[in-house]
Visitor: 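Please read through the structure below; I'll follow up with questions.
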Amino acid sequence: MILAANPTNSPTPDLSSNLTKVRQRIDRQVTQSNRASETVTLLAVSKKHPVEAISQLYTLGQRDFGENYVQEALTKIAATEHKDIVWHFIGPIQSNKTRAISENFNWVHTVDRLKIAQRLSEQRPEQHPKLNVCIQVNIDHQASKSGAAPSEVESLANAVSALPNLRLRGLMVIPNPETNIDGSAFKDAHALFNQIKKNNPSPHWDTLSMGMSGDLEQAIAHGSNIVRIGTDIFGPRP
Ligand SMILES: *Cc1c(COP(=O)(O)O)cnc(C)c1O
């Protein structure tokens, strides 16, 4: 009896139909939440998947891609000929990696302390447009998670929005799915986003990055502008 498929023999996932299904889920929820469809961007999270999969999705119209590991990302960025891909860094940031991130990405979702933001700003090449950044918030107070404490976010936002080569866009969260069953962490993130917006730290404050394969509907219902989808587009990570 065959107990498990050999992963090396498994068929290439059908990226086209997966992408269509995810787009349909987004469209359905956007409609249900009475929002305009252009207010939600689909970020395809390509970590651990080959550049060929990125190229295939590119031909299907996908332009925003998310990567978590700097070295892996640099290899893929160099290997793709599509210069209009919008690259988003969504992994934890070590300070010795800020230069590579600032030189090669269009967005960074995981800024959680001022020192990292300062380095990203200082190291942004002069000829590049400002680097779009979100502040990652540990919205549900997880013990092992990165992200600024919710109580610190407003002062961090004020400091980051003053940095010359960054464009502060908003907040990013990764709630624990086991405690976010009711969507309360997304609701809290939306409230914090609106509270900071009222005090206007940045004229470009327009982005709430939240929602993954398992909870994108709930995230959109609570105001997400960028959903970060890996598994439901690319299949399971190797
Ligand atoms: C891997 C990852 C995702 C994608 O998760 P899936 O559950 O595979 O959709 C989204 N956001 C971040 C920050 C990630 O690290």
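Whatever order the structure lists ligands and atoms in, that order sets their numbers, starting from 1. Not measured: the values here are computed from a predicted model.
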Visitor: Is R63 salt-bridged to D84, going by a charged N under 4.0 Å from an acidic O?
Guide: yes

Visitor: Could you check if a side-chain atom of L43 sits within less than 4.5 angstrom of a side-chain atom of I229, using non-hydrogen atoms only?
Guide: no

Visitor: Can you tell whether the side chains of K47 and E72 come within less than 4.0 Å, N to carboxylate O?
Guide: no

Visitor: Indicate, with yes or no, if L156 and F193 share a hydrophobic cluster defined by side-chain heavy-atom contacts under 4.5 Å among Ile, Leu, Val, Met, Phe, Trp and Tyr.
Guide: yes

Visitor: Taking the inter-plane angle between the rings of F89 and F105 on a 0 to 90° scale, is it parallel (under 30°), tilted (30 to 60°) or perpendicular (over 60°)?
Guide: perpendicular

Visitor: Where does ligand 1 get N/O contacts under 3.5 Å from the protein, atom by atom?
Guide:
residue  : atom   : partner : partner atom : Å
ligand 1 : 8 (O)  : T231    : N            : 2.8
ligand 1 : 8 (O)  : T231    : OG1          : 2.5
ligand 1 : 8 (O)  : R237    : NH1          : 2.9
ligand 1 : 8 (O)  : R237    : NH2          : 3.2
ligand 1 : 9 (O)  : S213    : N            : 3.1
ligand 1 : 9 (O)  : S213    : OG           : 2.5
ligand 1 : 9 (O)  : G230    : N            : 2.8
ligand 1 : 11 (N) : R228    : NE           : 2.9
ligand 1 : 15 (O) : K47     : NZ           : 2.7
ligand 1 : 15 (O) : N68     : ND2          : 2.7

Visitor: Does NZ or CZ of K48 lie under 6.0 Å from the centre of the six-membered ring of Y69, at an angle within 45° of the ring axis?
Guide: yes

